[in-house]
Asker: 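What follows is a structure written as structure tokens; I'll ask about it next.
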Amino acid sequence: MNKEKPKHYDPGAVEEKWYGYWMDKQYFKSIPDDREAFTIVIPPPNVTGILHMGHMLNNTIQDILIRKARLDGKNACWVPGTDHASIATEAKVVKWLREELNVKKSDLTREQFMDYAHQWKEKYGGIILQQLKKLGASCDWDRTAFTMDATRYDCVIQSFVDLYNRGFLYRDYRMVNWDPVAQTVLSNEEVIYSEESGTLYHVRYRVQDTDDYITIATTRPETILGDTAVAVHPEDPRYVSYHGKRVLVPLVDRAVPIIADEYVDQQFGTGALKITPAHDVNDYEIGKKHDLEIIDILNPDATLSAAAQLFVGLDRDEARTLVVRRLEEEGYLVKTEDYTHNVGRSERSHAVVEPRRSLQWYVRMKDLAEPALRAVEEDTIRFFPENQKNTYRHWMRNIRDWCISRQLWWGQRIPAYYYQDQVFVATTKEEALEQARAHFNNALIQSDDLSQDEDVLDTWFSSWLWPMSVFGTLDSNEDLDYYYPTSVLVTGWDIIFLWVARMIIAGYQWQGTKPFEHVYFTGMVRDRKGRKMSKSLGNSPDALELIQNYGADGVRFGMLSCSPAGGDLLFDEKLCEQGKNFCNKIWNGLNFLTSRSVSAKIEPGQGDELAYAWFSQKLSQHLQQTNALYKEYRLSQILISNYSLIWNDFFSQYLEMIKPASGASFSDRTFGQAKELFGKLMIILHPFMPFITEEVWHQLEDRRIGEDVIVASYPQEEVETDPRLIKDMQLLIELVSKIREIRSAKSMKWNAPMELYIKKSDQLSPSLYEGRWVALLSKMAVLDEIHFVEEEPGALLSIVIGTDKFFVDPKVTMDVQAELQKLHAELEYQQGFVSSVEQKLDNDRFVSNAPESVVNNERKKLADGLARINMLKESIRQLEQM
RNA sequence: GAGACUGUAGCUCAGUUGGUUUAGAGCAUUACCUUGACAGGGUAGGGGUCGGGGGUUCGAAUCCCUCCAGUCUCACCA
């Protein structure tokens with residue numbers, strides 16, 4: 001078995017090879033059978049998106065869970081897909097048409113535009129799914145879904161019709177968040193507020209038929225042209241005398257009432273507030289209350305409309321400049337001051353959001369939300385980490401109606417058909433026509449007489465059906481019945497309202513049950529300074545470049561080793577390097593094991609069986625611990641634990657224990673045991689680092705066809721555990737370490753001759769007397785001889801571990817003073833320890849109140865501490881006699 | 001403005017119902033080691049009054065109160 005292997009692990013070739021192999025073998029494919037299903041639906045990335053750090057984290061976690069389920073023998077199904085992202089995609093398509101094809105959207109019919117949009121999607125969309133393959137994502141690609149494909153489209157239309165028929169939909173005029181660039185309405189969740197510096201303009205309005213002025217403060221002087229009132233606080237003494245009078249709006253000289261309303265804050269600005277009902281949410285409410293006129297001075301693209309009278313056709317920003325100049329020229333501008341305020345911008349176009357009154361479709365949420373709230377409250381759906389329940393509860397209890405219409409073409413067109421003053425909602429125009437004919441009792445109404453709503457539905461109105469729609473329908477079918485409810489949703493908490501809550505609502509609405517058992521919320525990926533990673537900051541590493549540099553396994557290690565559930569992840573490339581180093585360590589371990597010759601004629605070393613038994617126990621203990629951690633999604637901790645088991649326990653200890661002398665061979669039996677353990681380690685590591693584990697698995701043995709680590713059986717913990725074996729080995733390892741320490745301190749070579757004396761005592765574990773333990777100890781510590789003694793041999797260096805005492809003869813001149821100093825330091829520590837324990841035991845209330853086991857443990861600690869003090873004193877005494 | 005979460009070693013984090021030999025890991029750092037599978041390695045060391053202050057308790061990193069700092073969510077005043 002003398003294979004020549006490259007010195008370093010090369011991830012690139014290995015990863016490509018195995019991903020292709022797994023695909024060929026169809027290991028990612030899932031079809032319903034009689035096994036238990038384990039299902040994850042991917043949080044569909046935006047079809048225009050490319051892989052970034054957040055995706056990498058999120059999808060690595062999903063892949064880990066899916067691969068673990070596969071190893072556990074479940075029918076693992078991970079459904080990939082993308083969403084159509086109305087606003088973002090439409091913007092990209094429009095840009096593409098303009099720049100590449102020289103076509104304007106306005107020159108196209110709706111049908112033509114949709115054709116182009118689908119073309120664009122085929123050509124450029126979904127790159128991210130290809131990138132996920134580089135990461136090792138084991139999705140069932142045959143199931144790839146898209147929120148705008150025919151199947152998903154039908155589900156969305158059906159859901160709209162269902163909700164309408166059940167009375168959950170309505171149309172209404174509301175103040176909405178209008179994106180003047182994308183020319184569509186935005187939901188509250190799509191508006192990002194941030195502090196921006198602006199100017200507060202103080203403008204005076206003349207009170208009609210007087211020479212008095214009332215000064216108001218505004219950040220948006222251009223909206224003065226749409227003012228229909230000035231409001232003051234009813235009890236504000238400055239303005240009481242003006243109640244019921246009118247002011248003239250500057251520049252347009254419109255006489256508008258002075259109204260009294262408690263909404264006005266007397267402390268702010270001048271205490272007088274201009275009211276523009278068409279362009280401010282609060283003003284709109286006040287306008288309704290006082291029955292004010294609504295003058296909409298803006299067009300949909302935020303240029304001034306004819307109603308503004310002045311500056312018609314100019315953009316709102318230009319108009320502001322000109323209005324301010326004119327106000328100043330005409331003596332209305334009292335003063336300006338710098339002012340920082342919150343400005344809402346469109347998440348997609350970044351345009352300043354314009355409040356606008358318009359007719360939109362809404363979902364009545366309150367009743368729909370009720371079962372969804374209960375499901376989480378009662379832990380029918382469990383959140384990890386649990387504290388996200390608070391956020392969820394707060395939002396669900398204060399839920400607002402959901403505005404679902406969008407003034408775009410790229411999306412599912414609302415299946416509402418208008419005839420005269422009536423609306424007919426149906427999955428097809430033909431059905432709507434039937435309804436219209438029946439309603440008007442007029443068979444002559446023709447299809448062309450009906451006009452369909454021009455708007456499309458919010459993208460989230462597709463996404464909320466995702467856990468059902470990816471399986472084809474909203475009602476029963478074979479796949480849906482088998483895979484739904486899905487096992488776990490892995491997503492960021494930033495879309496808990498946009499998506500998670502709504503999916504739960506939809507699940508209860510159409511399936512009558514939850515869409516998933518668990519929700520695992522990942523943290524936000526930040527840079528090491530704690531800043532959110534973003535394109536504009538340029539602090540986000542290129543995902544594919546990372547994979548190139550560190551290998552997918554290395555990057556997966558890096559992402560996972562620092563990502564507590566729900567906690568933010570402060571990403572540092574060094575962590576990927578650690579992952580890469582780990583791959584090399586594994587590679588080298590494999591190299592070592594397979595480079596030595598193996599012989600059936602050689603007897604196993606005396607310690608080999610012991611080492612095997614010990615590591616088997618260690619592995620079993622590890623499995624027990626990590627199984628519990630998997631249940632709580634403590635993936636980061638499982639990875640760290642795997643890392644430590646493999647590096648420290650397997651490579652540093654186990655391989656050292658069984659290592660043949662330089663140039664010697666392994667016995668057949670020992671080699672087989674080592675390969676078996678190594679293989680098991682590859683299985684438990686596989687979910688985290690799929691590629692190298694598959695490679696090593698196949699290098700360890702010539703495997704039969706289909707005997708691949710990806711579909712191996714996860715090792716089971718052993719029924720019989722032997723905690724004493726683990727404890728005794730811990731003592732042995734500690735002793736070996738102390739002996740190495742002495743060698744190092746005395747500048748002795750690692751293999752310089754040395755003898756060990758072990759003081760016999762009742763406390764000493766009987767294992768140590770056994771031949772195999774003695775053999776293993778002398779091998780590990782490179783000892784010439786081990787003596788068991790009744791009495792302390794004088795003038796030797798002593799080692800105290802627990803309550804056991806050992807001596808070595810370093811065979812070099814001893815620095816007595818230095819030794820004494822060390823012993824005194826140790827003595828001081830032990831005395832401090834003992835006195836802290838004594839303090840407890842001297843306290844009667846402790847002894848009488850604390851549970852007996854706790855008190856007994858303290859007594860044991862005291863006894864052990866005292867024993868150690870005696871040993872140290874004895875050593876000191878002996879040294880002082882020299 | 002209302003609320004949530006976090007604060008443990010230089011950094012990233014464990015620390016499960018208060019009691020596990022007077023607080024742990026990984027990384028980083030320091031010293032030493034190179035004919036040992038691996039210098040992307042090995043051996044060992046240093047480093048923390050558990051954000052501050054109070055309280056409950058025989059006993060607090062852990063529970064309560066309060067303050068401070070940070071992150072985030074919701075609502076927003078022109």
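Lettering follows sequence order; numbering is per chain, from 1.
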Asker: Below 4.5 Å, heavy atoms only, C-beta onward: do Met53(A) and Leu546(A) meet side chain to side chain?
Answerer: yes
Asker: Are Ile799(A) and Ile742(A) close enough that some pair of their side-chain heavy atoms sits under 4.5 Å apart?
Answerer: yes
Asker: Expressed as a whole number of angstroms, how long is the span from Trp395(A):CH2 to rA75(B):C1'?
Answerer: 15 Å
Asker: Tell me the closest heavy-atom pair linking Phe571(A) and Cys576(A), and the distance in Å.
Answerer: CZ-SG, 3.5 Å
Asker: Enumerate all atom pairs, one protein N or O and one N or O from nucleotides 1-7 of chain B, separated by less than 3.5 Å.
Answerer:
from   : atom 1 : to        : atom 2 : distance (Å)
rA4(B) : O3'    : Asn390(A) : ND2    : 3.2

Asker: Provide the distance between the two P atoms, one in rU16(B) and one in rU8(B), to the nearest whole Å.
Answerer: 16 Å
Asker: Would you say that Leu590(A) contacts Leu700(A) through its side chain, given a criterion of any heavy-atom pair below 4.5 Å between the two side chains?
Answerer: yes
Asker: rG24(B) and rU66(B): how far apart are their P atoms, nearest whole angstrom?
Answerer: 33 Å
Asker: Which whole number of Å gives the distance between the C1' atom of rG3(B) and that of rG19(B)?
Answerer: 35 Å
Asker: Nearest of rA37(B), rC72(B), rA78(B) to any side-chain atom of Asn588(A)?
Answerer: rA37(B)
Asker: Please work out if Arg393(A) contacts a base, only the sugar-phosphate, or nothing of the nucleic acid, heavy-atom cut-off 4.0 Å.
Answerer: nothing
Asker: Determine the contact category for Glu656(A): base if any of its heavy atoms lies under 4.0 Å from a base atom, sugar-phosphate if only primed atoms, P, OP1 or OP2 are that close, otherwise nothing.
Answerer: base
Asker: Under 4.0 Å, counting only non-hydrogen atoms across every strand here, what does Phe557(A) touch: a base, just sugar-phosphate, or nothing?
Answerer: nothing
Asker: Is the closest side-chain heavy-atom distance between Val782(A) and Arg743(A) below 4.5 Å?
Answerer: yes
Asker: In whole angstroms, how far is the C1' atom of rC13(B) from the CG atom of Leu575(A)?
Answerer: 11 Å
Asker: Salt-bridged, Lys574(A) to Asp572(A), with N to O below 4.0 Å?
Answerer: no
Asker: Which residue, Tyr9(A), Phe651(A), Phe582(A), forms the ring pair (Phe, Tyr, Trp, His ring centres under 6.0 Å) with Trp587(A)?
Answerer: Tyr9(A)
Asker: Assuming nearest nucleotide by heavy-atom distance, tell me which of Phe592(A) and Gln653(A) is located more 5' along RNA chain B.
Answerer: Phe592(A)
Asker: Mind calculating the distance between CD (Gln388(A)) and P (rC74(B)) to the nearest angstrom?
Answerer: 12 Å
Asker: So which heavy atom on Pro385(A) is nearest to which on Phe521(A), and how close?
Answerer: CD-O, 4.0 Å
Asker: Roughly, in whole Å, what's the span from CZ in Arg345(A) to P in rC76(B)?
Answerer: 19 Å
Asker: With nearest nucleotide decided by heavy atoms, which residue, Gln266(A) or Tyr9(A), maps closer to the 5′ end of RNA chain B?
Answerer: Tyr9(A)
Asker: Have a look at Gly589(A) and say if it touches a base, only the backbone sugar-phosphate, or nothing, with a 4.0 Å heavy-atom cut-off.
Answerer: base
Asker: Of the nucleotides rA78(B), rU21(B), rC38(B), which one has an atom closest to the side chain of Tyr339(A)?
Answerer: rA78(B)
Asker: Can you check the distance between rG42(B) and rU34(B), where both ends of the measurement are the C1' atom (answer in whole Å)?
Answerer: 9 Å
Asker: Would you indicate, yes or no, if rA37(B) has its OP1 or OP2 atom less than 4.0 angstrom from a side-chain nitrogen or oxygen of Lys659(A)?
Answerer: yes
Asker: Rounding to an integer number of angstrom, what distance separates rU71(B) and rG54(B) when you compare their P atoms?
Answerer: 28 Å
Asker: Pairing donors with acceptors under 3.5 angstrom, does anything connect the side chains of Ser641(A) and His622(A)?
Answerer: yes
Asker: Using atom C1' of each nucleotide, how far apart are rU62(B) and rA14(B) to the nearest Å?
Answerer: 14 Å
Asker: Determine the interatomic distance between P on rG36(B) and the same-named atom on rU17(B); round to the nearest Å.
Answerer: 49 Å
Asker: Ignoring the backbone of Asn857(A), work out which of rG36(B), rU22(B), rU20(B) is nearest its side chain.
Answerer: rU20(B)
Asker: Side chain of Ser836(A) only, please: which of rU22(B), rA37(B), rA75(B) is the nearest?
Answerer: rU22(B)
Asker: Looking at Leu593(A) and Phe678(A), what are the two nearest heavy atoms and their distance?
Answerer: CD2-CD1, 3.7 Å
Asker: Say you pick atom P in rU49(B) and the same atom in rC68(B); how far apart are they, in whole Å?
Answerer: 24 Å
Asker: In whole Å, I'd like the distance from the CZ atom of Arg634(A) to the C1' atom of rA25(B).
Answerer: 14 Å
Asker: Check each of Arg382(A), Lys389(A), Arg393(A) against Glu377(A) using the salt bridge (charged side-chain N to carboxylate O under 4.0 Å, His left out) test, and report the only one that passes.
Answerer: Arg393(A)
Asker: Might you point out which heavy atoms bring Ile586(A) and Leu685(A) nearest each other, and give the distance in Å?
Answerer: CD1-CD2, 3.7 Å
Asker: Side chains of Val500(A) and Trp493(A): closer than 4.5 Å at any heavy-atom pair?
Answerer: no
Asker: Between C1' on rC76(B) and CG on Asp283(A), what's the gap in Å once rounded to a whole number?
Answerer: 14 Å
Asker: For the pair Tyr339(A) and Phe268(A), name the ring-plane relationship: parallel under 30°, tilted 30 to 60°, perpendicular over 60°.
Answerer: perpendicular
Asker: Just to be sure I follow the notation: if a pair is Watson-Crick (purine N1 to pyrimidine N3 plus N6-O4 or O6-N4) or a G-U wobble (N1-O2 and O6-N3), each under 3.5 Å, what dot-bracket string does RNA chain B give, with | for pairs to another strand?
Answerer: (((((((..((((.....[....)))).(((((.......))))).....(((((..]....))))))))))))....
Asker: Collect all protein-nucleotide pairs involving nucleotides 26-29 of chain B in which both atoms are nitrogen or oxygen and the distance is under 3.5 Å.
Answerer:
from    : atom 1 : to        : atom 2 : distance (Å)
rG26(B) : O2'    : Gln578(A) : NE2    : 2.8

Asker: Could you give the CD-to-C1' distance, from Gln763(A) to rU21(B), as a whole number of Å?
Answerer: 14 Å
Asker: Can you tell me the distance, in whole Å, between the CG atom of Leu655(A) and the P atom of rA37(B)?
Answerer: 10 Å
Asker: Given rU73(B), rU21(B), rC38(B), which nucleotide is nearest the side-chain atoms of Phe497(A)?
Answerer: rU73(B)
Asker: Rounded to the nearest 0.5 Å, how far apart are CG of Asp804(A) and CZ of Arg868(A)?
Answerer: 10.5 Å
Asker: Scan Ser662(A) against the nucleic acid and name what it touches under 4.0 Å (heavy atoms): base, sugar-phosphate only, or nothing.
Answerer: nothing
Asker: Kindly give the atom pairs (protein nitrogen or oxygen, nucleotide nitrogen or oxygen) under 3.5 Å for nucleotides 44-46 of chain B.
Answerer:
from    : atom 1 : to        : atom 2 : distance (Å)
rA44(B) : OP1    : Ser737(A) : OG     : 2.4

Asker: Which atoms form the tightest heavy-atom contact between Ser561(A) and Leu639(A), and what is the distance?
Answerer: N-CD2, 3.8 Å
Asker: Looking just at side-chain N and O atoms, do Thr223(A) and Lys274(A) make a donor-acceptor pair shorter than 3.5 Å?
Answerer: yes
Asker: Give every residue pair that meets the salt bridge (Lys or Arg N to Asp or Glu O under 4.0 Å) criterion with at least one member in residues 580-593 of chain A, sequence neighbours excluded.
Answerer: none
Asker: Keeping the roles fixed (side chain from Lys779(A), backbone from Lys659(A)), state whether a donor-acceptor pair exists under 3.5 Å.
Answerer: yes
Asker: Would you classify Gly832(A) as touching base, sugar-phosphate or nothing, given that sugar-phosphate means primed atoms plus P, OP1 and OP2, and contacts are heavy atoms under 4.0 Å?
Answerer: base
Asker: Considering only nitrogen or oxygen atoms on both sides, find all protein atoms under 3.5 Å from nucleotides 56-64 of chain B and state each distance.
Answerer:
from    : atom 1 : to        : atom 2 : distance (Å)
rC58(B) : O2'    : Asn843(A) : ND2    : 2.6

Asker: Over all strands shown, is Lys274(A) touching base, sugar-phosphate only, or nothing at heavy-atom distances under 4.0 angstrom?
Answerer: nothing
Asker: Just checking Arg868(A): base, sugar-phosphate only, or nothing, at a heavy-atom cut-off of under 4.0 Å?
Answerer: base
